[in-house]
Amino acid sequence: MDHWLIKSEPDVFGIDHLKKAGREPWSGVRNYQARNFMKEMKIGDLALFYHSSTQPPGVAGIAKVVSKTYPDPTQFQKKSEYFDPKSTEEKPRWWLVDFEYVATFTDLVKLEALKADPFFNDMIVCKKGTRLSITPVEAAHFKRVCKLAGCKI
DNA sequence: GCCAACGTTGGC
DNA sequence: GCCAACGTTGGC
């Protein structure tokens, strides 16, 4: 099983939205690197749900991959803000998976806390200038974040 | 294929 | 609101 970190702005779609929805297609990723990581995801993989562009930023909970990778339907929808005229149904450019709600952390594991701990030095989200919305996470890092949150997975 | 200009992300 | 760090676009 692999581990990941997925970023989302809580004002747009946060962990509470996922909890309410139960399950959500992770549409709208329009970055090739992030897309490639999503293509590597397998059913059962776990992801840290990270809140970005908020005060304070940090990991808010856990989500689980519950579908295989399939074409992002919003790329074909003309009215969607994610519409991509260069994409075709025969050769879709953008792919996604569905995430299922797993848990909300009682206390947000702040980015500040991750940066303060040398154990997380290699974690991509801690590095300067990383805007990637989907990143792989080492199992040890994943476990430690859960531990900091007092969350047993 | 280079690279300047532009747009976006996201912490601060 | 600022701006660093990217990614993308398009002229050449």
Side-chain angles (χ1 to χ4, degrees), chain A residues 2-21 24-41 45-65 69-99 101-138 140-151:
Chain A
D2 291 319
H3 298 83
W4 310 91
L5 181 142
I6 54 175
K7 283 186 195 171
S8 191
E9 298 183 24
D11 294 342
V12 181
F13 192 89
I15 191 80
D16 290 341
H17 295 94
L18 183 63
K19 184 175 186 177
K20 205 172 173 189
E24 183 76 9
W26 210 247
S27 60
V29 171
R30 294 294 179 269
N31 171 282
Y32 289 104
Q33 249 184 301
R35 178 206 65 183
N36 291 344
F37 284 134
M38 207 144 44
K39 275 189 166 179
E40 290 177 28
M41 290 182 184
D45 283 357
L46 293 176
L48 299 172
F49 196 113
Y50 180 89
H51 282 176
S52 64
S53 294
T54 187
Q55 203 43 245
V59 182
I62 309 281
K64 189 204 285 187
V65 177
T69 312
Y70 63 97
D72 182 342
T74 63
Q75 70 194 307
F76 307 123
Q77 296 162 5
K78 278 209 170 127
K79 285 181 183 165
S80 170
E81 59 174 314
Y82 300 122
F83 176 66
D84 186 345
K86 291 176 186 165
S87 188
T88 64
E89 306 238 7
E90 294 74 36
K91 271 201 152 185
R93 182 181 282 200
W94 306 110
W95 298 73
L96 53 68
V97 296
D98 289 357
F99 281 104
Y101 174 80
V102 175
T104 304
F105 292 160
T106 315
D107 295 306
L108 187 83
V109 178
K110 296 177 192 169
L111 176 62
E112 187 187 21
L114 298 181
K115 283 187 166 174
D117 187 341
F119 183 79
F120 294 112
N121 273 355
D122 294 335
M123 205 168 164
I124 298 170
V125 76
C126 291
K127 295 189 178 176
K128 205 179 159 191
T130 48
R131 308 177 313 173
L132 204 52
S133 61
I134 295 178
T135 59
V137 169
E138 289 173 28
H141 287 156
F142 187 94
K143 274 186 201 161
R144 181 84 161 249
V145 170
C146 292
K147 199 176 170 190
L148 287 176
C151 180

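Throughout, a chain's letter reflects where its sequence line sits, starting with A, and its residues are numbered from 1. Just so it is clear, the model here is predicted, and its values are computed rather than measured.
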NZ/A:K147: more than 12 non-hydrogen atoms of other groups inside 6.0 Å:
no
What are the residues of residues 80-97 of chain A, sorted by number, that bring a heavy atom to within less than 4.0 Å of DNA chain B?
none
I'd like to check A:V137 versus A:Y50 (side-chain heavy atoms, cut-off strictly below 4.5 Å). Are they in contact?
no
Between P of B:dT8 and CG of A:L132, the distance in whole Å:
18 Å
Which class fits the ring pair A:H3 and A:F142: parallel under 30°, tilted 30 to 60°, perpendicular over 60°?
tilted
Once you round it to whole Å, what is the distance between C1' of B:dG11 and CD1 of A:I124?
17 Å
note: A:L5, atom CG; B:dT9, atom C1'; distance rounded to Å ~ 15 Å
Quick one: label A:K110 by what it contacts on the DNA or RNA (base, sugar-phosphate, nothing), any heavy atom closer than 4.0 Å.
nothing
Atom CD of A:E112 and atom C1' of B:dG11: how far apart are they, to the nearest Å?
12 Å
Determine the contact category for A:Q33: base if any of its heavy atoms lies under 4.0 Å from a base atom, sugar-phosphate if only primed atoms, P, OP1 or OP2 are that close, otherwise nothing.
sugar-phosphate
Return a table of donor-acceptor pairs under 3.5 angstrom between the side chains of residues 70-81 of chain A and protein atoms on other chains or two or more places apart.
{"from": "A:Y70", "atom 1": "OH", "to": "A:D98", "atom 2": "OD1", "distance (Å)": "2.5"}
{"from": "A:D72", "atom 1": "OD1", "to": "A:T74", "atom 2": "N", "distance (Å)": "2.9"}
{"from": "A:D72", "atom 1": "OD1", "to": "A:T74", "atom 2": "OG1", "distance (Å)": "2.6"}
{"from": "A:D72", "atom 1": "OD2", "to": "A:G28", "atom 2": "N", "distance (Å)": "2.9"}
{"from": "A:D72", "atom 1": "OD2", "to": "A:R30", "atom 2": "NH1", "distance (Å)": "3.0"}
{"from": "A:D72", "atom 1": "OD2", "to": "A:R30", "atom 2": "NH2", "distance (Å)": "3.4"}
{"from": "A:D72", "atom 1": "OD2", "to": "A:T74", "atom 2": "OG1", "distance (Å)": "3.3"}
{"from": "A:T74", "atom 1": "OG1", "to": "A:R30", "atom 2": "NH2", "distance (Å)": "3.1"}
{"from": "A:Q75", "atom 1": "OE1", "to": "A:S87", "atom 2": "OG", "distance (Å)": "2.6"}
{"from": "A:Q75", "atom 1": "OE1", "to": "A:R93", "atom 2": "N", "distance (Å)": "3.2"}
{"from": "A:Q75", "atom 1": "OE1", "to": "A:W94", "atom 2": "N", "distance (Å)": "3.0"}
{"from": "A:Q75", "atom 1": "NE2", "to": "A:D72", "atom 2": "O", "distance (Å)": "2.9"}
{"from": "A:Q75", "atom 1": "NE2", "to": "A:W94", "atom 2": "O", "distance (Å)": "2.8"}
{"from": "A:S80", "atom 1": "OG", "to": "A:Y82", "atom 2": "N", "distance (Å)": "2.9"}

Starting at NZ of A:K127 and ending at P of B:dT9, how long is that distance when rounded to a whole Å?
22 Å
Per-nucleotide protein contact along nucleotides 1-7 of chain B, 5' to 3', at a 4.0 Å heavy-atom cut-off (B base, S sugar-phosphate only, - neither), is ------B
Would you please classify the geometry between the A:W26 ring and the A:F49 ring as parallel, tilted or perpendicular, with 30° and 60° separating the classes?
perpendicular
Where do A:V109 and A:L114 come nearest, in terms of heavy atoms and distance?
CG1-CD2, 3.7 Å
Just the rounded figure in Å: distance from P of C:dT8 to CZ of A:R35.
10 Å
Length of the line joining A:D11:CG and B:dG11:P, which is rounded to integer Å
13 Å
What integer distance in Å separates A:N31:CG from B:dT8:P?
14 Å
So A:I124 and A:L5, do their side chains get closer than 4.5 Å, heavy atoms only?
no
